[in-house]
**Student:** 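This structure is in structure tokens; I'll ask about it shortly.
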Amino acid sequence: MAIKPEYTNETKELILKVSESGDTITIKWLGRSTEVNPGIFLGEVFDEVFSDDSKKVVMNFVELQYMNSSTITPLISVLEKIKNGTGSCILEYSDSLKWQELSFGALHLFKTADNRVDIVGV
Amino acid sequence: MEDSLELTLKPEWDELNIVRERLEHFLTEHQFKVDDLHALIMVSSELVENAIKYENSQKMTDTFEFSVDIEGRSVIVEVRNKILGNDDIQLKKLDETIQWIRGYQNPFEAYVERLKLISAKELGENESGLGLTRIAYEGSSVLDFYVDENNILAMSAVYKI
């Protein structure tokens with residue numbers, strides 16, 4: 001299935017803007033992720049975006065305003081899947097926003113030694 | 001200027017937007033720094049989400065109360081909702097989760113451990129307890145609860161400015 005340039009959740013609060021350049025797919029997270037079960041929307045997006053292991057996926061959260069704890073579950077599911085596979089996923093967060101530093105900093109436990117999975121403050 | 005914000009909420013997901021907007025306005029009026037504002041909005045949202053999920057799971061339609069009180073350098077966020085009289089199982093789970101969090105020297109360790117359990121699929125999304133652990137770690141808040149004689153569960157998080 002072709003990757004779309006933009007994905008919006010049902011409440012229209014969360015927008016994922018997708019761009020491709022060479023072997024890198026970048027997903028920019030915008031707005032707020034507050035749905036009761038964001039895993040449904042995110043699962044569908046991740047299935048499309050992570051379908052090709054040869055592509056490096058960068059998820060940029062710098063402009064994300066807020067995410068609830070229910071959003072973290074599908075995120076860590078995809079990190080765990082990639083960690084145990086051969087794909088690549090880099091999470092970029094704002095290291096000048098304390099909430100992002102705390103929230104994404106904890107996800108370093110999913111970082112791989114070969115940096116296929118990495119969590120980077122920008 | 002009032003040091004308290006009190007809202008009566010319906011157990012509907014859209015109410016979270018009202019909480020966020022009113023709380024942001026309240027905290028901005030009190031000149032809270034942006035990091036404290038983010039933390040308190042998160043703490044409040046997670047507590048209110050839990051209350052709404054509980055109400056909906058028990059098919060209850062009662063309104064519930066949300067309050068934020070500034071007392072010196074402490075901010076007390078509290079959610080109060082009626083629970084079923086025979087809901088000892090939920091209360092036991094809640095108590096176990098809070099005691100589990102308190103068992104760690106550092107809330108960061110509890111949070112990382114929770115992430116590990118979720119990623120290993122040892123905890124499902126509805127039982128993850130990640131929201132409460134996040135309140136303790138990212139929200140730097142101390143959690144507590146009590147149930148009064150009218151079966152009102154008061155769940156609180158105390159945040160130090």
Side-chain angles (χ1 to χ4, degrees), chain A residues 9-14 31-43 46 61-85 89 91 93-112 117 119 121, chain B residues 11-21 23-24 33-50 52-53 56-57 106-140:
Chain A
N9 71 351
E10 203 171 307
T11 61
K12 311 237 184 298
E13 280 199 299
L14 177 65
R32 287 195 277 246
S33 181
T34 61
E35 286 185 319
V36 64
N37 194 351
I40 297 172
F41 165 69
L42 292 173
F46 292 162
F61 295 87
V62 170
E63 290 179 49
L64 181 69
Q65 293 170 32
Y66 174 79
M67 64 182 181
N68 60 8
S69 55
S70 299
T71 304
I72 297 168
T73 305
L75 262 182
I76 63 178
S77 288
V78 80
L79 290 180
E80 185 70 13
K81 194 173 165 186
I82 291 164
K83 189 177 166 184
N84 295 328
C89 180
L91 301 195
Y93 65 90
S94 170
D95 58 10
S96 58
L97 282 174
K98 188 175 175 189
W99 81 263
Q100 288 208 2
E101 176 75 59
L102 291 171
S103 218
F104 292 99
L107 299 183
H108 275 105
L109 80 104
F110 295 98
K111 182 179 159 66
T112 57
V117 178
I119 292 88
Chain B
E12 294 168 10
W13 212 250
D14 286 346
E15 295 280 83
L16 283 159
N17 288 332
I18 296 171
V19 172
R20 273 192 286 273
E21 283 165 14
L23 182 57
E24 186 170 349
K33 291 181 188 165
V34 71
D35 286 339
D36 292 321
L37 195 139
H38 285 152
L40 285 162
I41 288 175
M42 181 276 290
V43 167
S44 301
S45 297
E46 295 287 353
L47 286 182
V48 170
E49 279 195 28
N50 281 353
I52 294 172
K53 283 177 187 173
N56 289 339
S57 74
N106 185 327
F108 171 70
E109 293 173 9
Y111 189 71
V112 168
E113 195 53 39
R114 214 76 189 177
L115 293 179
K116 286 180 187 173
L117 291 170
I118 294 167
S119 72
K121 301 205 192 311
E122 289 184 38
L123 286 173
E125 185 158 330
N126 292 333
E127 54 177 342
S128 73
L130 189 62
L132 292 180
T133 320
R134 191 185 184 200
I135 288 170
Y137 160 59
E138 193 184 315
S140 302

**Student:** Quick one: pull up CD in B:E138 and CD in A:Q100 and give me the separation to the nearest 0.5 Å.
**Tutor:**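 If we round to the nearest 0.5 Å, B:E138:CD and A:Q100:CD are 9.5 Å apart.
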
**Student:** In terms of heavy-atom proximity below 4.5 Å to chain B, should A:S77 be classed as side chain, backbone, both, or neither?
**Tutor:**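 Contact with chain B: side chain only.
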
**Student:** Quick one: pull up CG in B:L115 and NE2 in A:H108 and give me the separation to the nearest 0.5 Å.
**Tutor:** 13.0 Å

**Student:** Measure the CZ-OG1 distance between B:R114 and A:T73 for me, rounded to the nearest 0.5 Å.
**Tutor:** 11.0 Å

**Student:** Can you tell me how far OG1 of A:T11 sits from CH2 of B:W13, rounded to the nearest 0.5 angstrom?
**Tutor:**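 B:W13 atom CH2 to A:T11 atom OG1 measures 11.0 Å (nearest 0.5 Å).
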
**Student:** Could you tell me which portion of A:Q65 (side chain, backbone, both or neither) has an atom closer than 4.5 angstrom to a non-hydrogen atom of chain B?
**Tutor:**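 A:Q65 has no heavy atom closer than 4.5 Å to chain B.
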
**Student:** Calculate, to the nearest 0.5 Å, the distance between atoms CD1 and CG belonging to B:I118 and A:L75 respectively.
**Tutor:** 11.5 Å

**Student:** Heavy atoms only, distances under 4.5 angstrom: which of A:G105, A:S103, A:A106, A:S69 has the most pairs with chain B? Name it, please.
**Tutor:** A:S69

**Student:** Any chance NZ of A:K98 has more than 12 other-residue heavy atoms, nucleotides or ligands included, within less than 6.0 Å?
**Tutor:**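 Open.
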
**Student:** Side chains of A:I72 and B:L130: does their closest heavy-atom pair fall under 4.5 Å?
**Tutor:** yes

**Student:** Considering heavy atoms only, which positions within residues 37-45 of chain B lie below 4.5 Å of chain A?
**Tutor:**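 Only B:H38, B:M42, B:S45 of residues 37-45 of chain B have a heavy atom under 4.5 Å from chain A.
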
**Student:** Pick from B:D35, B:V34, B:L16, B:D14: which one has the most heavy-atom pairs with chain A under 4.5 Å?
**Tutor:**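 The candidate making the most pairs under 4.5 Å is B:D35.
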
